[in-house]
Amino acid sequence: MSGHNVWTHKGTFLLAAVGSAVGLGNLWRFPYLTGENGGGAFILIYALTIFAVGIPIFIAETMLGRTSRQSPIMGMRHLTKTHKTSRAWESIGWLGAAAAFLILSFYSVIAGWALHYTWLMLTGSLVGADATTISAGFDALLASPGLMTLYHTLFIAFSALIVGLGIHKGIESGLRIMMPALFAILIVVLIYGVINGDVGAAANFLFTFNIADLSLEGWLQAVGQSFFTLSLGMGAIMAYGAYMSSEASLTRTAIAVAFVDTAIAMVAGLAIFSLVFGAGLETDQGPGLMFVTLPLAFADMPFGALVGGVFFILVLGAAISSSISLIEPVAAFLVERFDMTRPQAVTIMVVAAWAMGLLTVVSFNVWAEGTIFHALFERSAFEFIELLTNIFMPLGGLMIALFAGWALTQSEVMKELGTNITWFKTWRLLVRFVGPAAVSFVFLRTIPQVEGYVVPTLGALLIVGVFALSQRLRKSA
Ligand code: PHE
């Protein structure tokens, strides 16, 4: 492929990947999942998975992007040809595109809630409000399709604008302003939490673990969360990897992204739980932790409206730097494949995801029950879309690990990794076996009908099948 795009600086990929990784997953999902799953034990499993499974797959995904230098779909098409494997592996690209499209559709709606709360906080509307008022306010937002659509539209349009400006003028410049600001805000919120909240209780909650606290469900959620938070398995990292400088180290970059992403989740958790404990509130409020519990904590604190407003700006910025990474893989594909201009490609992706997002909007009100989704899948459209992405992401990660582990040749990988044979062997062991085994287990468990003893059995069968398949892959390589 001639004349491909490359980031302006050697370190830009790191910035872009951190921007993608740090998002609602860290600030909204991680704290509430930790809160629901009893704290430290959840974090222990989450951190272990990030390091043993997440980092190797992250390296694999970046490697596939960088060797092909194309968008995930076209890149996988190219690699299946050059490595004489089955065309079926191209589905890594297609699955990723589908997952990106679906995640963007609901991600934008939830980020829209943060827009609403930024407004409420900065206008001081919640100062001194009590629990009933605040939770009624959240319910009122969810009950209004019009309001939710408005915020959803604003959020997705802004993200589209950044990607539409191109990888240099849009994505790079946007991230260069946003990311440092986000770190600064997070530190401010942490300091605020330490002064006004109960940081001791928060630290105690987050860092003391009792493995018995953790249910099987929680264990599995921790693994799923570690994929979501690293943006793995759906092409975002592959698309950004295609622009990565050949000189940058894959291993060091992956470790840095995982480290920063985890650190931010911890700092956010520490800040949020300090405020929650300080205000004497409960930790297990689920998705409402950020939109009900936290505003309640801010309502009674000095400068709560201001710091709360700034906090929701942080949430918005983190969400934007992630949503642009959801638009990029599909937009880049449309440009490469159909010779579209970038603005055309971005418009198509975003308008489609916007329309799809309306399904999430109505899932909280007019279509909250009694729809075809409830009849067929016993869940709302939003929950169904979320379930699909919960299947696509691990499946994508599994296939990425296998393709990189078995189809790429040793010399190719050694050249990309640029390290010694020991690390090469360790990495290959991780992507050939450890990652796929862990992921297929989680993958099976996300199918609600599969429970109890069926899981290990099917899991084992799948792993064996996958192994056999991989052997064939290797011979043809
Ligand atoms: N990692 C992002 C977050 O934590 C979510 C995301 C997933 C972004 C997949 C891009 C791709 O919020």
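Quick caveat: nothing in here was measured; it's all calculated off a predicted structure. Just so you know, ligand 1 is whichever comes first in the structure, and atom 1 is the first atom listed for that ligand.
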### Pair listing, salt bridge (charged side-chain N to carboxylate O under 4.0 Å, His left out) test, anchored in residues 318-331, at least two apart
Glu328-Arg342
### Query
Between Val257 and Ala21, what is the shortest heavy-atom contact and its length?
CG1-CB, 4.2 Å
### Query
Which atom pair, heavy atoms only, marks the closest approach of Val431 to Gly405?
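Here Val431 and Gly405 meet closest at CG2-CA, 3.7 Å.
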### Partners meeting salt bridge (charged side-chain N to carboxylate O under 4.0 Å, His left out) with Arg252 (sequence neighbours left out)
none
### Message
Restricting to salt bridge (charged side-chain N to carboxylate O under 4.0 Å, His left out), what partner residues turn up for Glu90, sequence neighbours left out?
### Response
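Scan of Glu90 (salt bridge (charged side-chain N to carboxylate O under 4.0 Å, His left out), adjacent residues dropped) gives Arg77, Arg87.
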Identify all N/O pairs between ligand 1 and the protein with a separation under 3.5 Å and present them as a table of atom names and distances.
from, atom 1, to, atom 2, distance (Å)
ligand 1, 1 (N), Ser20, O, 3.3
ligand 1, 1 (N), Ala21, O, 3.1
ligand 1, 1 (N), Phe228, O, 2.8
ligand 1, 1 (N), Thr229, O, 3.2
ligand 1, 1 (N), Ser231, OG, 3.0
ligand 1, 4 (O), Ala21, O, 2.9
ligand 1, 4 (O), Gly25, N, 3.3
ligand 1, 4 (O), Asn26, OD1, 3.4
ligand 1, 12 (O), Leu24, N, 3.0
ligand 1, 12 (O), Gly25, N, 2.7
ligand 1, 12 (O), Tyr107, OH, 2.5

### Message
Are there over 12 heavy-atom neighbours, none belonging to Phe51, within less than 6.0 Å of that residue's CZ?
### Response
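Above 12, so yes.
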